[in-house]
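Below: one structure, written as C-alpha cells.
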Amino acid sequence: MTPIRVSEAARFLGVSDDTVRRWLENGTLHGSKDQQGRMVVDGVELAALAKKQSQLPDDPTGIGSSARNRMVGLVTNIVMDRVMAQVEMQCGPFRVVSLMSSEAVRDLGLELGSVATAVVKSTNVIIEVPAKGKTA
C-alpha cells in the first residue's frame, strides 16, 4: 500500500481536504492511520477514484485517431511572430504548451478562448517520482 495523506489526496483529485474527509466518512474512500496517527488512503484506491471521476469535455473534432492522449481544453495564451507560435492551453487541471508554425495557428483559427484538443502521441513520456523519503 502506498499511503497518501488526506491533503495530498485532495490535491491529486482537485477537491478540498473536507471533501476527502466526507468521502472517508461516507465510504467512498477507505482510510487508515499512519504511524504518526494521520489519516491516509491507499494510493491504488485513490487512483481508481481519480480515474472514475475524471471527465474531460467530449472531443469536438469527431475524428478517429490512434492517439489515446487527447485533452480538450481552452486556448489561454498565444505568443506568435512571423514564423513560429507558442500556444498554451488549459485542459482541466493541466497546462499544455505547443510550439507550431504561425501559419498553423492562423489555419486552425486559434485565438484566446478557442476550444481545441491537444493530442500527445509519443514514446518519449517521462515519469518522475519524489525522492526517497519525500512526499509530493
Side-chain angles (χ1 to χ4, degrees):
M1 171 176 149
T2 301
I4 298 178
R5 292 177 28 204
V6 168
S7 60
E8 293 173 315
R11 192 171 69 239
F12 290 137
L13 294 174
V15 299
S16 70
D17 294 10
D18 288 338
T19 297
V20 173
R21 287 187 193 95
R22 278 193 298 277
W23 288 341
L24 288 164
E25 289 171 8
N26 72 21
T28 301
L29 282 172
H30 301 93
S32 61
K33 300 272 183 165
D34 67 8
Q35 292 177 343
Q36 289 79 31
R38 295 178 298 207
M39 185 61 73
V40 294
V41 295
D42 179 14
V44 173
E45 184 180 357
L46 189 64
L49 180 62
K51 186 173 182 178
K52 179 181 171 187
Q53 291 196 332
S54 67
Q55 291 183 0
L56 284 176
D58 289 334
D59 187 341
T61 62
I63 61 171
S65 175
S66 65
R68 296 295 177 245
N69 301 311
R70 304 174 66 80
M71 297 169 279
V72 178
L74 297 171
V75 175
T76 57
N77 195 28
I78 299 173
V79 178
M80 190 163 65
D81 64 20
R82 245 183 64 227
V83 177
M84 293 301 295
Q86 176 181 307
V87 177
E88 186 174 317
M89 294 177 57
Q90 194 67 39
C91 302
F94 302 105
R95 175 179 170 256
V96 178
V97 178
S98 177
L99 301 176
M100 64 184 75
S101 69
S102 295
E103 178 182 15
V105 171
R106 289 188 296 274
D107 288 351
L108 293 170
L110 294 177
E111 56 187 31
L112 295 182
S114 294
V115 175
T117 303
V119 180
V120 179
K121 180 73 173 178
S122 175
T123 57
N124 297 313
V125 175
I126 298 168
I127 297 176
E128 299 175 335
V129 298
K132 288 203 181 263
K134 305 218 181 211
T135 58

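FYI, the numbering just counts along the sequence from 1.
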| request: Would you sort out whether T76 and L112 count as a side-chain contact (heavy atoms from CB on, under 4.5 Å), showing the intermediate values? | output: CA-CA 5 Å; T76 57; L112 295 182; 5.7 Å; no
| query | Between V96 and V120, is a side-chain contact (heavy atoms from CB on, under 4.5 Å) present by the stated rule, with each step listed? | reply | CA-CA 10 Å; V96 178; V120 179; 5.6 Å; no
| field | Audit row: Q90, R95, side-chain contact (heavy atoms from CB on, under 4.5 Å) steps and yes/no | value | CA-CA 5 Å; Q90 194 67 39; R95 175 179 170 256; 4.1 Å; yes
| Full working for side-chain contact (heavy atoms from CB on, under 4.5 Å) between D81 and S102 | CA-CA 7 Å; D81 64 20; S102 295; 4.2 Å; yes
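At most 12 heavy atoms of other shown residues, nucleotides or ligands fall within 6.0 angstrom of atom CD in E103. Counted within 6.0 Å of CD on Q36, heavy atoms from surrounding residues, nucleotides or ligands total more than 12; the atom is thus considered enclosed.
Hydrophobic clustering places L49 together with F12 (ILVMFWY residues linked when any side-chain heavy atoms are closer than 4.5 Å, directly or through intermediates). By the criterion of side-chain heavy atoms lying less than 4.5 angstrom apart, applied directly or through intervening Ile, Leu, Val, Met, Phe, Trp or Tyr residues, V15 is grouped together with L29 in one hydrophobic cluster. Placement of V41 and M39 within a single hydrophobic cluster is found when ILVMFWY residues are connected by side-chain heavy-atom separations under 4.5 Å, directly or transitively. M89 and F94 fall into different hydrophobic clusters, where Ile, Leu, Val, Met, Phe, Trp and Tyr residues are linked whenever their side-chain heavy atoms come under 4.5 Å apart, directly or through other members.
If you take OG on S16 and CZ on R21, they are separated by 8.0 Å, rounding to the nearest 0.5 Å. In this structure, CD on E88 lies 10.5 Å from CD1 on I78, to the nearest 0.5 angstrom. In this structure, CZ in R82 is found 13.0 Å from OG in S101, a value given to the nearest 0.5 Å. The CE atom of M100 sits 6.5 Å away from the CG atom of L108 when rounded to the nearest 0.5 Å. Taken to the nearest 0.5 Å, the CG atom of L99 stands 6.0 Å off from the CE atom of M84. With rounding to the nearest 0.5 angstrom, the CG atom of L13 is 11.5 Å from the CD atom of E8.
T28 and N26 are linked by a side-chain donor-acceptor pair at a separation below 3.5 angstrom, with hydrogens and angles left out of the test.
Side-chain atoms of Q86 and V97, non-hydrogen and from C-beta on, do get closer than 4.5 Å to each other. Taking 4.5 Å as the limit, every side-chain heavy atom of V44 sits out of range of all side-chain heavy atoms of T2. Put simply, the side chain of V75 does not reach to within 4.5 Å of the side chain of E111, judged on heavy atoms. By the 4.5 Å heavy-atom criterion applied to side chains, D17 and S7 are counted as neighbours. Between V40 and V6 there is no side-chain heavy-atom pair separated by less than 4.5 Å.
Listed here is the closest heavy atom pair of A85 and V105: CB-CG2, 3.5 Å. Of all non-hydrogen atoms in L110 and A116, the two that sit nearest each other are CD2-CB, 4.2 Å.
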